[in-house]
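Worksheet for the structure shown next.
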Number of protein chains: 2
Amino acid sequence: MTLSEENYLKAIYHLSRDAQDEVSTNAIAEAMETKASSVTDMIKKLSEKKLVKYKRYQGAKLTEEGRLYAVNVIRKHRLWEVFLVEKLNFSWDEVHEVAEQLEHIKSDKLIEELDVFLDNPSVDPHGDPIPDRHGNIQPSSKVLLATLRAGEQGVCVGVRNSSREFLQYLDKLGISLGDELKVLSREPFDNSMLIGTGDRKLSVSSLTANNLYVKKI
Amino acid sequence: MTLSEENYLKAIYHLSRDAQDEVSTNAIAEAMETKASSVTDMIKKLSEKKLVKYKRYQGAKLTEEGRLYAVNVIRKHRLWEVFLVEKLNFSWDEVHEVAEQLEHIKSDKLIEELDVFLDNPSVDPHGDPIPDRHGNIQPSSKVLLATLRAGEQGVCVGVRNSSREFLQYLDKLGISLGDELKVLSREPFDNSMLIGTGDRKLSVSSLTANNLYVKKI
DNA sequence: GCAATAATTTAGTTTAGGCTAAAAATATAT
DNA sequence: ATATATTTTTAGCCTAAACTAAATTATTGC
Ligand SMILES: [Mn+2]
Ligand SMILES: [Mn+2]
Ligand SMILES: [Mn+2]
Ligand SMILES: [Mn+2]
C-alpha cells in the first residue's frame, strides 16, 4: 500500500461517521485537497483491491478490510503524536504534521513496541481515542462544552477541531485537557458562556464551546 | 527532496570514501539495486540541483551541499537506530530496515529532540559514528580485529559488515560491542585467531576478524 | 416531465522514477 | 594501433498519481 492509498482510506474513514453511508467523490476531493477526477481514479484502484466498495456515481464506502487498514493508520498516527508530546517536548499544536509522515512507516514490531514504551495510552494529545491492535476503539461519553447548562461541570477531555489556531488559542486561554470547568452562566445574546476553572473566570465564544469536548462530572 | 533523491545521495556518499573521487554509474546502480540508465537520469537531476558534480562518462561526486545533505540523512538513520535499540527493544540486526524508512521523515525539531532524548549518542548500535547537527563526524581510531598480533588486546567497538547474518552470528558467538578481546594466537594455516573474552576462548575465522572493529587497549 | 444545474466520470497530459534495447564513448588486450 | 569488451548514455516505454477539459449521469426546480 502506497502513502497515497493510505491517505485516501483515512480520509474516507473520517468522512463516514457511520460505516454504512457512502462518501461522495467531491467530499473526498475536498478533504484531500485534490480534484474529483483524481479521486475517481483512486477509488477505482482501491476498489480493485477490495478495500472500498464502489459503484459509478454512487460514492465510496470502506469494506471491513479497508476499515481495518484505515484504523491501523490512525492508530499509528495517534501513538506517534503521544510520543512526540510525551517524550520529545512537542506541543499539541506541533505534532500533527510530523505524525502525518510517521503514520506511514511500515513495521508491526515498531508500533507494538512504541505502544508498550508509551504505556498503552488510550487517547492522543487531542483527546482522540487510540484504536487497539485489533482495530477496536474505546467508546467515550464526551459531549461538547456547548451542551452543558448553567451550573453543570465537566472535565476537558478533547477537541473537535485540532487546527493549530484553535489549539494555540486554548493555550492562550489557559485551557488544557484534564482541566475541570464549571458553566457559570450562558449568554443568550451570542451563545457564549462564562466558565470557571481553578480560581479563574473566562468567557468562551459559542464557536469555542462547540469545539471543546468535556466529560460531565 | 524526494525519498529516492535522498537514497541516491546516501549511496554516492557511502561509495566515495574520499570525498574527492568520482563514483561510477555502475557502482551506484549496483548499490541501489537499479539499472545504470536510471542512475544516469537521477545524477543528471541531482546535478541540476547542484548536489552532485557530473560530467558525462565521468561518474558523480557530491558537492559540499550534497555531502551535507547525505550526512544529515545518515545522522537521522543512526539516531533512529539508537532509538529502536535503546527504547523499543529492537536487536541490532532488526533496526536497519526500519531506519531506512525513518531517515526520510522531515522535521528539524524531531531530530534535534530525538538527539536530546537519547542523550546525544556518539555512535549507533553498530558502532558507526553519528554526525552532529553541522555534519561533523568524530574521527575514531578503530582497527580491524584481524590486524591485531598475538598478545594484543582490544575493545570491540563496531562492525564493518552489518548484515543480519553477520550480526546474528556475532550474537551466537556471544560477542557484543564493548566486550574486551585478547588475541591468544593466530593460525597461519587459515588466518583464523584464537581469542579470549571474559573466561571464554573462541576461534574466529579470518572473515569474521576482518569485519569486526576493535580499539586497542 | 423536462430543462437547468451539480456531481461524477472519461480522455488526454504531466512528472517522477523506474525499465529495455540500442547507440556511443571509453578502456583493454593483443 | 586497432579490434574487442565494457561502461555509460540515449531513446522510447511504463506505472502511479496528479491535472484540465469535455462528456456523461444525477438531481432539482418549476
Ligand atoms: Mn493528528
Ligand atoms: Mn490527534
Ligand atoms: Mn543501518
Ligand atoms: Mn547502523
Side-chain angles (χ1 to χ4, degrees), chain A residues 1-16 20-62 66 69-70 73 97 100-101 103-106, chain B residues 1-16 20-63 66 69-70 73 100-101 103-106:
Chain A
M1 291 285 290
T2 68
L3 185 144
S4 193
E5 290 171 327
E6 291 186 344
N7 284 336
Y8 271 93
L9 291 180
K10 216 171 31 130
I12 297 169
Y13 178 86
H14 284 308
L15 288 169
S16 60
Q20 321 293 42
D21 51 36
E22 270 99 23
V23 180
S24 79
T25 302
N26 267 0
I28 299 170
E30 191 183 350
M32 305 271 310
E33 297 182 34
T34 184
K35 298 302 158 96
S37 53
S38 306
V39 173
T40 301
D41 285 348
M42 182 57 93
I43 59 188
K44 277 182 187 166
K45 181 150 60 118
L46 292 174
S47 170
E48 303 263 297
K49 295 190 176 190
K50 309 278 185 213
L51 295 165
V52 147
K53 196 77 157 284
Y54 168 65
K55 270 226 198 81
R56 279 159 79 249
Y57 293 98
Q58 312 245 116
K61 176 166 71 168
L62 295 178
Y69 201 105
V73 175
E97 180 189 352
E100 283 292 309
Q101 299 178 62
E103 72 188 6
H104 302 290
I105 301 290
K106 275 146 192 96
Chain B
M1 289 283 291
T2 67
L3 184 147
S4 193
E5 289 173 328
E6 292 186 344
N7 283 336
Y8 272 92
L9 291 180
K10 216 173 31 131
I12 297 169
Y13 177 86
H14 283 309
L15 287 168
S16 60
Q20 319 295 40
D21 51 37
E22 271 98 23
V23 179
S24 79
T25 302
N26 267 1
I28 298 170
E30 190 184 350
M32 305 271 310
E33 297 182 32
T34 185
K35 297 302 157 96
S37 53
S38 305
V39 173
T40 300
D41 285 349
M42 182 57 93
I43 57 188
K44 275 181 186 167
K45 181 151 60 116
L46 292 173
S47 170
E48 304 263 295
K49 296 191 174 187
K50 308 278 185 213
L51 295 165
V52 146
K53 196 76 157 285
Y54 168 65
K55 269 228 200 79
R56 277 159 80 249
Y57 293 99
Q58 312 245 114
K61 176 165 72 170
L62 294 177
T63 63
Y69 201 106
V73 174
E100 284 291 310
Q101 300 178 62
E103 71 188 5
H104 302 291
I105 302 291
K106 272 142 193 104

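Letters A, B, ... mirror the listed sequences (proteins, then strands); counts begin at 1. Because the structure is predicted, anything quoted here is derived from the model rather than measured.
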Completion exercise
note: B/R56, atom CZ; D/dT9, atom P; distance rounded to Å ~ 8 Å
Problem - Touch class at under 4.0 angstrom, heavy-atom based, for B/S4 against every strand present - result: sugar-phosphate
Problem - Nearest-nucleotide pick for A/D41, side chain only, options being D/dC19, D/dT9, C/dG18 - result: D/dC19
Practice task
Starting at atom CG of B/N26, determine the distance to atom C1' of C/dA27, rounded to an integer number of angstrom.
Solution key: 13 Å
Practice task
Give a yes/no on whether any side-chain N or O of B/T40 is located under 4.0 angstrom from OP1 or OP2 of D/dT8.
Solution key: no
Problem - Gap between atoms CE and P, on A/M32 and D/dC19 respectively (whole Å) - result: 10 Å
Exercise for the section: Would you kindly give the CD-to-P distance between B/E5 and C/dG18, to the nearest whole Å? Expected result: 10 Å
Problem - Residues B/K10, B/E100: salt bridge by 4.0 Å N-O rule - result: yes
Practice task
May I ask you to say what A/T25 touches in the nucleic acid, namely base, sugar-phosphate or nothing, with a heavy-atom cut-off under 4.0 Å?
Solution key: sugar-phosphate
Handout entry: Nearest-Å distance for atom pair CD/P, residues A/E22 and D/dA26
Key = 14 Å
Handout entry: Whole angstrom value for the distance that separates P of D/dT15 from NZ of A/K44
Key = 16 Å
Exercise for the section: Give the nucleotide from the list C/dG18, C/dT8, C/dA16 with an atom nearest to the side chain of A/S24. Expected result: C/dT8
Handout entry: No-H, no-angle donor-acceptor pair, A/Y57 side chain to D/dT24 base, under 3.5 Å
Key = yes
Handout entry: Rounded distance (Å) that lies between atom C1' of C/dA16 and atom CD1 of B/I43
Key = 17 Å
Completion exercise
Output for pair (B/L46 CG, B/T63 OG1), nearest 0.5 Å, gives 9.5 Å
Problem - Check: B/I43 and B/T25 side chains under 4.5 Å, non-hydrogen atoms - result: yes
Practice task
May I ask you to verify if any side-chain N or O of B/Y8 is less than 4.0 angstrom from the OP1 or OP2 atom of C/dA16?
Solution key: no
Problem - Any B/K35 side-chain nitrogen or oxygen under 4.0 Å from OP1 or OP2 of C/dT20 - result: yes
Handout entry: B/K61 and B/V23, any side-chain heavy atoms less than 4.5 Å apart
Key = no
Practice task
Please determine, for the side chain of A/S37, which listed nucleotide (D/dA26, D/dT20, C/dA21) has the closest atom?
Solution key: D/dT20
Exercise for the section: Nearest whole angstrom, please: distance from the P of D/dT27 to the CD of A/Q58. Expected result: 8 Å
Exercise for the section: Check whether any side-chain heavy atom of B/E103 sits under 4.5 Å from a side-chain heavy atom of B/E6, and report yes or no. Expected result: no
